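First the structure, in the form of structure tokens, and then the observations on it.
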Amino acid sequence: MLRVDHLRVGGLAPVSFEVADGECLAVMGPSGAGKSRLLRAIADLEPAEGQIFLNGIERAEMSGPEWRRHVRYMAAEPGWWDETARLHMAAMAEAGAGGATPSLGAGSRIERMVRELGLETAILDRPIAELSSGERQRLALIRAVSDDPDALLLDEPTAALDTQARALAEELIKFLVLSNKSVLVVTHDAAQARRLGRRCLLVANGRVEEKAL
Amino acid sequence: MSYIALTYSDLAIAALLILINGAISLGLGLGLERTLAISAVRMVVQLSAVGFVLKFIFAQVSPLWTAGLALIMVLVAGREVIARQSLRHEGWRAWGVGTTTLLFVGTVVTVFGVGGLIQPDPWYAPRFFLPILGMVLGNTMTGIALTLDRLSTIAKRERVAIEAHIAMGARRFVALEGPLREAVKAGAMPIVNAMAASGLVSLPGMMTGQILSGVDPIEATKYQVMIMFLIAGATGIGVLLSGIGGVFLLTDERHRLRLDRLRKAG
């Protein structure tokens, strides 16, 4: 379970909420309201006062890198530091002291996810620079979950996808929820928010309110 | 071969060349004459002041005076490193990284070169220690300034990729490994190039000076080769240490990328 307690982010009033294991909470609100900053602060990518607990353990009790191996942020514009997706996941597997070490071979969990999202497994070895934005976004989603983090903070994970790919990505997110992950998803699509969960956080006018969907 | 002293009238006659430059500027309406005059006067005043200070310090042959002037040189070089950054870090930390590196590298390499190789009596004789420290500091300062500047510029350019890596749980030196390598290379390149080109394009200043003062060219060459090794060694260590320091400047204790602490230089 992810519990946020009086978190102070940018110009927002202190935020408190919980996301249970196996729950997906949509984060909605106008552009520039602070949704991404809220997620980045929870992932400890920018300084913010307040406490955050993962399964009862406070963020300060872990190092930053360790926290981020458990609480994973996926940016709306995913960044890449190596040439191919497979090299990224291999680097994470090598560094992965916290989460489970993913197998990268044929028939592995990662290759299965690639196929489930409507892609060919060969895409893992193609240069990132040659891929479409939709392909990159799906690979970023797979990368984010590849080492099995406990909580996922997904910033508009389906924004670059067509209807069919979006439906497949939503299936993967639902599967992650069923696997007991705590998931936060930023979306501008109210129907998508309802498909993924029962509650949402509305970020607007410097406040964050919890609402039922 | 012997040393030929210059008279003040020799200098005055040489200054006529600057007057000719001024006349060209006036004639062509370049508007450079004022700057030219100020720069020429500054050069004369600054060099004269240094000449008198050195004459005084050389006469003392005191470890305290030598250390005092050496410290001032390090502080000024540290300030120059900061002045050459296109993106400035808030507070004193960047100045601290540059100055501490210069102090460490400058001291170690100069003590090694003067005390260990030249071996004057006493080993800290300011006539040897200070000019060699100056050459080591001048070049190391350029390397450090380049390294720190390149590191923050690349980090800003590659922010999305670096933050993606950090978000996946990478520690700061893993996430910034690429930029660090590139920055250290950039900082070391000038001295590597200078070694490759020295003697072909122009004679290094120190060697020219020694030859003019009557030293045998082979002896002058030996000194110059040693100095180049000292400078290259100091620059190599200096850019690596400052690059490591630069990674700490760009991140915090939670291994977050902190570009919010950078400001564009005015």
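If you're wondering where the values come from, they're calculated on a predicted model, not measured in any experiment. Numbered from 1 within each chain, the chains take letters A, B, ... in sequence-line order.
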Q) Among residues 9-31 of chain A, which ones touch chain B with a heavy-atom distance under 4.5 Å? A)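 Checking residues 9-31 of chain A against chain B gives no residue, so none.
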Could you measure the distance from the [atom1] atom of [X] to the [atom2] atom of [Y]? Nearest 0.5 Å is fine.
X: B:Phe128; Y: B:Ile132; atom1: CZ; atom2: CD1; answer: 8.0 Å
X: A:Asn55; Y: A:Leu2; atom1: CG; atom2: CG; answer: 8.5 Å
X: B:Leu148; Y: B:Leu87; atom1: CG; atom2: CG; answer: 11.5 Å
X: A:Leu196; Y: A:Asp189; atom1: CG; atom2: CG; answer: 9.0 Å
X: A:Leu172; Y: A:Thr158; atom1: CG; atom2: OG1; answer: 12.0 Å

Can you check whether [X] reaches [Y] side chain to side chain, under 4.5 Å on heavy atoms?
X: A:Ile173; Y: A:Leu154; result: yes
X: A:Val183; Y: A:Val185; result: yes
X: A:Arg3; Y: A:Ile52; result: no

**Q.** Interchain contact, A:Ala60 with chain B, by part (heavy-atom threshold 4.5 Å)
**A.**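 It is the backbone, since no side chain atom gets that close.
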Q.
Please classify the contact of A:Met74 with chain B as side chain, backbone, both or neither, using a heavy-atom distance under 4.5 Å.
A.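 A:Met74 has no heavy atom closer than 4.5 Å to chain B.
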**Q.** Interface residue of largest heavy-atom contact number with chain A, from B:Ala170, B:Ala167, B:Ala164, under 4.5 Å
**A.**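 Ranked by heavy-atom pairs under 4.5 Å with chain A, first place is B:Ala167.
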(Q) Between B:Val174, B:Ile166, B:Leu257, who has the most heavy-atom pairs with chain A when the cutoff is under 4.5 Å? (A)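 Among B:Val174, B:Ile166, B:Leu257, the one with the most close pairs to chain A is B:Ile166.
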**Q.** Closest-packed option against chain B by number of heavy-atom pairs under 4.5 Å, given A:Pro47, A:Gly79, A:Ala43
**A.**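 Most pairs with chain B among the choices: A:Pro47.
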Q: Using the test ring-ring contact (aromatic ring centres under 6.0 Å, His included), find all partners of B:Phe104 that sit at least two apart in sequence or belong to another chain.
A: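 Testing B:Phe104 for ring-ring contact (aromatic ring centres under 6.0 Å, His included), a comparison that skips the adjacent residues, returns none.
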Q: Name all residues meeting the side-chain contact (heavy atoms from CB on, under 4.5 Å) criterion together with A:Leu168; count only those two or more places apart in sequence or in a different chain, and write none if there are none.
A: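 Per chain and number, A:Leu168 pairs via side-chain contact (heavy atoms from CB on, under 4.5 Å) with A:Leu117.
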Between chain A and chain B, identify every pair of one donor and one acceptor N or O atom lying under 3.5 Å apart.
residue : atom : partner  : partner atom : Å
A:Arg40 : NH1  : B:Glu163 : OE1          : 2.6
A:Arg40 : NH2  : B:Glu163 : OE1          : 3.2
A:Arg40 : NH2  : B:Glu163 : OE2          : 3.2
A:Asp44 : OD1  : B:Arg256 : NH1          : 2.4
A:Asp44 : OD2  : B:Arg254 : NE           : 2.7
A:Asp44 : OD2  : B:Arg254 : NH2          : 2.8
A:Arg59 : O    : B:Arg254 : NH2          : 3.2
A:Met62 : O    : B:Arg254 : NH1          : 2.7
A:Met62 : O    : B:Arg254 : NH2          : 3.3
A:Arg68 : NE   : B:Ile166 : O            : 3.2
A:Arg68 : NH2  : B:Arg254 : O            : 2.6
A:Arg68 : NH2  : B:His255 : O            : 3.4
A:Arg69 : NH1  : B:Gly169 : O            : 2.9
A:Arg72 : NE   : B:Ala167 : O            : 3.2
A:Arg72 : NH2  : B:Met168 : O            : 3.4
A:Trp81 : NE1  : B:His165 : NE2          : 3.4

Q. Between A:Glu111 and A:Thr121, does any side-chain donor sit less than 3.5 Å from a side-chain acceptor?
A.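 Per modelled atom types, A:Glu111 and A:Thr121 side chains form no pair under 3.5 Å.
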Q: Would you confirm whether the ring centroid of B:Phe173 sits within less than 6.0 angstrom of the ring centroid of B:Phe248?
A: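 Yes, they do, as the ring centres are separated by less than 6.0 Å.
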